[in-house]
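Only a predicted model underlies this, so the values are computations on that prediction, with no experimental measurement involved. For the numbers below, each heavy atom of this structure counts, side chains included, while hydrogens, waters and symmetry mates do not.
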Amino acid sequence: MGDASPLDTTDAQKPSSPQSPSQPPSCFGSEDQWVWSLSWAEQSGISWYYIDPRKPHQNAFIESFNGSLRDELLKEEMFDTFDDAHRKLALWRYDYNAIGPHS
């Protein structure tokens, strides 16, 4: 234990009120890693529900995005450095958001 989680932040560092659905889905398995997320959701009046194990269709939007990312970028590119990966991801993200269509 003793390792600081990237989610261990002060209240001043946490997002204040991001645009979000009133009930975001979650497939996170380890609740103790997401304590502040659940706390924020509760304080913001957002109910939280978990996706059932082996039921990815309950969050079809992210599953579709993950498939596009995997098929269009990760299977097609080799990353030589972190900067190379960052650049290629930025180009792919622009194409995904502005050009389309995607699988």
Side-chain angles (χ1 to χ4, degrees):
M1 302 264 134
D3 292 342
S5 166
L7 297 178
D8 292 340
T9 59
T10 65
D11 287 337
Q13 295 170 314
K14 293 178 187 172
S16 57
S17 180
Q19 298 293 324
S20 62
S22 61
Q23 191 177 34
S26 172
C27 57
F28 307 128
S30 179
E31 291 105 31
D32 59 354
Q33 293 178 349
W34 301 98
V35 170
W36 83 262
S37 295
L38 296 174
S39 176
W40 171 83
E42 183 178 316
Q43 291 171 5
S44 301
I46 297 173
S47 58
W48 196 277
Y49 68 97
Y50 289 92
I51 294 171
D52 295 326
R54 297 171 301 282
K55 302 282 186 181
H57 62 278
Q58 292 178 347
N59 194 8
F61 176 77
I62 194 63
E63 292 300 323
S64 175
F65 172 81
N66 287 345
S68 295
L69 177 67
R70 184 175 45 252
D71 294 341
E72 298 173 13
L73 179 70
L74 300 178
K75 287 184 179 179
E76 300 293 325
E77 298 288 346
M78 295 285 290
F79 305 112
D80 298 321
T81 63
F82 180 78
D83 289 336
D84 182 46
H86 189 312
R87 184 183 60 78
K88 289 176 180 176
L89 180 59
L91 291 170
W92 179 84
R93 186 176 58 224
Y94 172 78
D95 179 68
Y96 183 84
N97 289 322
I99 310 293
H102 301 276
S103 57

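- To the nearest 0.5 Å, atoms CD (Q58) and CD (E63) are separated by 10.5 Å.
- For the side-chain hydrogen bond (donor to acceptor under 3.5 Å, both in side chains) test, no residue two or more places apart in sequence or in another chain qualifies with E76.
- Listed for the S44 side chain is a donor-acceptor partner under 3.5 Å among the backbone atoms of W40.
- Using a 4.5 Å heavy-atom cutoff, the side chains of F79 and L74 are in contact.
- Applying the side chain to side chain contact (heavy atoms under 4.5 Å, CB included) test to Y94 and every residue at least two apart in sequence or in another chain returns A98, I99.
- Distance alone, capped at 3.5 Å, places no donor-acceptor pair between the E72 side chain and the W92 backbone.
- More than 12 non-hydrogen atoms from other residues, nucleotides or ligands lie less than 6.0 angstrom from CD of E77.
- Salt bridge R87/D83: absent, no basic N to carboxylate O contact under 4.0 Å.
- With respect to L73, the side-chain contact (heavy atoms from CB on, under 4.5 Å) criterion is satisfied by exactly one of L91, L89, D95: L89.
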